[in-house]
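In listed order, ligands and their atoms are each counted from 1. A quick note: this is a predicted structure, and the numbers were derived from the prediction, not measured. As a basis for the values below, the full set of heavy atoms in this structure was taken, side chains included, without hydrogen atoms, waters or symmetry mates.
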Amino acid sequence: MLCFGLLHIQKITLGSAMFRTTLILALCAATSVQTAENSFVRQLTQPTRDFTKPEPSEANPAGTATAPRGAGPKAFSVPTPNLATSKEVDFKLGNALFRREWQPGQGVFSGLGPDYNARSCEQCHLNDGRGHPPMGPQDDAVSLLMKIGAPAAGLQTYLATLPDPTYGPQLQDFATHGAPEFQLQVSYAETTVVLSGGETASLRTPTYHIENLSRGPLQANTKLSPRVAPQMIGLGLIEAISAKDILALTDPDDTNQDGISGRANWAINVETGQKMLGRFGLKAASPTIRQQTAAAFANDIGISNTLIQNGTEPPEISATNFDFVAEYSAQLAVPARTGTADKTVLRGKQLFYQTGCIACHRPKFFTDKLPKRPELSALLIWPYSDFLLHDMGAGLADGFPEGVATGTEWRTPPLWGIGLSQDVSGHTTFLHDGRARNLLEAVLWHGGEAQAVQSQVVKMPPQDRAALIHFLNSL
Ligand code: HEC
Ligand code: HEC
């Protein structure tokens, strides 16, 4: 081990030689603890090669912050266990505000709109789970959000898209008075995919119909980026991963030649003015839970807040209430896994690792020590994501750049809890726009950097494909 502090310290005269020696030893010890800790963490987060039995802690994907695996619609609505009592109260208040339907006009819990997509966070993040596209001709498109914008000159900037001059950064299908901006209709075309062993699957390609635009046409070069609300669990843990651990996984030029080149997105933290790694949102364009929450209030519900204000008016949600919602969003617990020792699950796990899913869906991280969130600190967690951007091919492309993300790139979504989607949300639609109707369809849509992996899934024996899906359902 090298003790870097040494040379510098020896040049400083510190009075007593005794004190100097003690200081040097203390510094050396701290450095060595750090080094030992780093190599310990590196070892701990290496993907396993042994698929004969579950790994010691994998049944609890958030360590001591894991919630018991519930069933039914409330399975994602559990706070982090071991929350301090005072924080439990805050969580309950945040929960109430997350579900609260905002009203038009002035006063507490008012200020909805004038244009909006939903009246509450909950209307999109159903039961703290994911949203869905319209489930039939009678269903609405509330939890499917249409971001819009025109690609700006100089893609490698933070402002890769400019908002539409009339409609802003997203289209809103409700208004407190007058005609809403638009109505969204989705239609699908089916394509059959032939799989090994005489199996087939059908993939539906969506077409988005922007109807009844009430304020004139969109700018000619405005792109559409349809996005379904993602699940809300484990977000505080994702925020607790050190940026350097995520950045260590980037490989923009694919120097290891595995065909996979994760890229980081970047954003300005509006609270500090600093450039930060983006990790939230479907293109990782948002750096913090607070910033994503602020954007949701401002853009989705039409509620100004301490981060995103409306001119000089006081914010429509108080700073305290805003903090409750943001902290609530950070403290929804990840549920325990099921059947980790099951033979089929272990076989599916092996396929998940050996087929190459883990090149993007990274199994493990170790969270930082956060003074303000001790309950989420220093935990081995299993999100199955690298939180980086990947080119997923033309089939999934929206042509909408965001931050440094291109029109074909998406952030690898975390997969923890994905097996509970049916319980929580009453459906199993997946991917950024909910086009996949089950997990197999979601995998079969993988193209671009994931094309080779997708082809292996198409070719593997049917019982292996079933085992892979069984593994996903155990998460
Ligand atoms: C109209 C639907 C809608 C509403 C209402 C809504 N969200 Fe979202 N939410 C989304 C979509 C879509 C995304 C993905 C955004 C993106 O890709 O930029 C998202 C992403 C998020 C994320 C990041 C999750 C992740 O995995 O990166 C958080 C946190 C979040 N929302 C919190 C909230 C909060 C808090 C509220 C209420 C103030 C709220 N949302 C209201 C649709 C909605
Ligand atoms: C090149 C990186 C990459 C590889 C390799 C990869 N994925 Fe993905 N995966 C992604 C990205 C990015 C998305 C989101 C795409 C979208 O929403 O359009 C995704 C989405 C998913 C989803 C849907 C998640 C959700 O919340 O909607 C599942 C399930 C999934 N992947 C499973 C797999 C499996 C199984 C494999 C291996 C056979 C695999 N992935 C390989 C990057 C990858």
Side-chain angles (χ1 to χ4, degrees), residues 94 97-98 102 116-125 130-131 141-147 170 172-173 225-235 238 258-262 279-286 288-301 303 305 317 322 325-326 328-330 348 351-352 355-361 384-393 395-398 402 409-415 418 421 429-436 438-443 445-454 456-457 460 468-469 471-472 475:
L97 288 162
F98 193 83
W102 291 76
Y116 62 98
N117 294 96
R119 283 173 172 255
S120 68
C121 311
E122 162 73 15
Q123 280 184 347
C124 290
H125 299 279
R130 63 186 68 229
V142 169
S143 55
L144 173 70
L145 187 75
M146 191 59 82
K147 281 203 175 184
Q170 73 193 46
Q172 275 112 354
D173 34 17
S225 183
R227 300 189 190 189
V228 160
Q231 58 185 27
M232 295 289 298
I233 52 170
L235 300 181
I238 295 171
D258 64 350
I260 313 265
S261 61
R279 55 181 97 186
F280 298 104
L282 307 190
K283 292 203 188 219
S286 190
T288 62
I289 296 171
R290 288 176 65 81
Q291 199 151 320
Q292 182 75 41
T293 301
F297 269 121
N299 299 331
D300 304 353
I301 314 182
I303 300 287
N305 50 75
I317 179 167
F322 176 84
V325 180
Y328 169 80
S329 302
L351 291 159
F352 188 80
T355 310
C357 310
I358 63 166
C360 304
H361 296 282
Y384 303 94
S385 171
D386 56 5
F387 305 102
L388 295 175
L389 299 169
H390 296 278
D391 179 343
M392 294 300 283
L396 288 174
D398 61 356
E402 196 178 16
E409 284 178 320
W410 296 99
R411 175 198 70 168
T412 312
L415 298 179
I418 202 163
S421 300
T429 65
F430 298 109
L431 298 177
H432 65 272
D433 55 5
R435 67 175 71 188
N438 54 51
L439 290 167
L440 179 60
E441 286 184 23
V443 177
W445 270 110
H446 283 54
E449 291 172 38
Q451 186 57 61
V453 171
Q454 188 268 9
Q456 289 189 62
V457 175
M460 64 177 57
L468 181 67
I469 301 302
F471 166 72
L472 293 174
L475 299 179

task: Output yes if C357 passes the N/O/S-under-2.8 Å test against atom 8 (Fe) of ligand 2; output no otherwise.
output: no
List the closest protein heavy-atom neighbour of [atom]: residue, atom name, distance to the nearest 0.1 Å.
| atom | value |
| --- | --- |
| atom 29 (C) of ligand 2 | L439 CD2, 3.8 Å |
| atom 28 (C) of ligand 2 | L415 CD2, 3.8 Å |
| atom 12 (C) of ligand 1 | R227 O, 3.4 Å |
| atom 27 (O) of ligand 1 | G281 N, 2.8 Å |
| atom 38 (C) of ligand 1 | C121 SG, 2.6 Å |
| atom 11 (C) of ligand 1 | A229 CA, 3.7 Å |

Enumerated ligand 2 atoms positioned under 4.0 Å from heavy atoms of [X]:
| X | value |
| --- | --- |
| F430 | 27 (O) |
| G356 | 5 (C) |
| F352 | 34 (C), 35 (C) |
| H432 | 16 (C), 17 (O), 18 (O) |
| V457 | 38 (C) |

Hey, looking at [atom], which of [options] has the closest heavy atom?
| atom | options | result |
| --- | --- | --- |
| atom 23 (C) of ligand 2 | I469, N438, L431 | L431 |
| atom 15 (C) of ligand 1 | Q292, E122, R411, E402 | Q292 |
| atom 4 (C) of ligand 2 | A452, A436, G262, C360 | C360 |
| atom 14 (C) of ligand 1 | P230, S385, A330 | P230 |

Using a 4.0 Å heavy-atom cut-off, which part of [X] comes near ligand 2: side chain, backbone, both, or neither?
| X | value |
| --- | --- |
| R130 | side chain |
| W445 | neither |
| M392 | side chain |

Is there a side-chain contact between [X] and [Y] (heavy atoms, below 4.5 Å)?
| X | Y | answer |
| --- | --- | --- |
| L396 | R435 | yes |
| M146 | P226 | yes |
| R227 | D398 | yes |
| C124 | D300 | no |
| L431 | E441 | no |
| V228 | T429 | no |

Closest heavy-atom pair and its distance - [X], [Y]:
| X | Y | answer |
| --- | --- | --- |
| L472 | L415 | CD2-CD1, 4.0 Å |
| L282 | W410 | O-CE3, 3.6 Å |
| F430 | I418 | CE2-CG1, 3.5 Å |
| H390 | G262 | CE1-CA, 3.4 Å |
| K283 | L389 | O-CD2, 3.4 Å |

Gap between atom [atom2] of [Y] and atom [atom1] of [X] - 0.5 Å precision:
| X | Y | atom1 | atom2 | result |
| --- | --- | --- | --- | --- |
| Q292 | F280 | CD | CZ | 8.5 Å |
| L235 | Y328 | CG | OH | 10.5 Å |
| Y116 | Q172 | OH | CD | 10.5 Å |
| I358 | D386 | CD1 | CG | 11.0 Å |
| L97 | T293 | CG | OG1 | 11.5 Å |
| I301 | Q123 | CD1 | CD | 8.0 Å |

Enumerated ligand 1 atoms positioned under 4.0 Å from heavy atoms of [X]:
| X | answer |
| --- | --- |
| S329 | 35 (C) |
| K147 | 16 (C), 18 (O) |
| T293 | 35 (C) |

Using a plain distance cutoff, I'd like to know if [X] has any nitrogen or oxygen under 3.5 Å from a nitrogen or oxygen of ligand 1.
| X | answer |
| --- | --- |
| D300 | yes |
| H125 | yes |
| R279 | no |
| S143 | no |
| V325 | no |
| C124 | no |
| S120 | no |

query: Does E449 use its side chain to pair, donor to acceptor, with the backbone of D391 at less than 3.5 Å?
result: yes
- request: Specify which N/O/S atom of H361 comes nearest to atom 8 (Fe) of ligand 2, by atom name.
  value: NE2
field: Sub-4.0 Å heavy-atom contact, P413 with ligand 2
entry: yes
query: Can you say whether the rings of F471 and Y384 are parallel (under 30°), tilted (30 to 60°) or perpendicular (over 60°)?
result: perpendicular
- request: Could you tell me how the ring of H446 sits relative to the ring of H361: parallel (under 30°), tilted (30 to 60°) or perpendicular (over 60°)?
  value: tilted
query: Relative to ligand 1, is M232 under 4.0 angstrom through side chain, backbone, both or neither, heavy atoms considered?
result: side chain
message: In this structure, does ligand 1 have an atom that sits under 4.0 Å from one of the heavy atoms of L144?
response: no
message: Is Y328 close enough to touch ligand 1? Criterion: a residue heavy atom under 4.0 Å from a ligand atom.
response: no
message: Checking the N or O distance criterion of under 3.5 Å, is ligand 2 in contact with H446?
response: yes
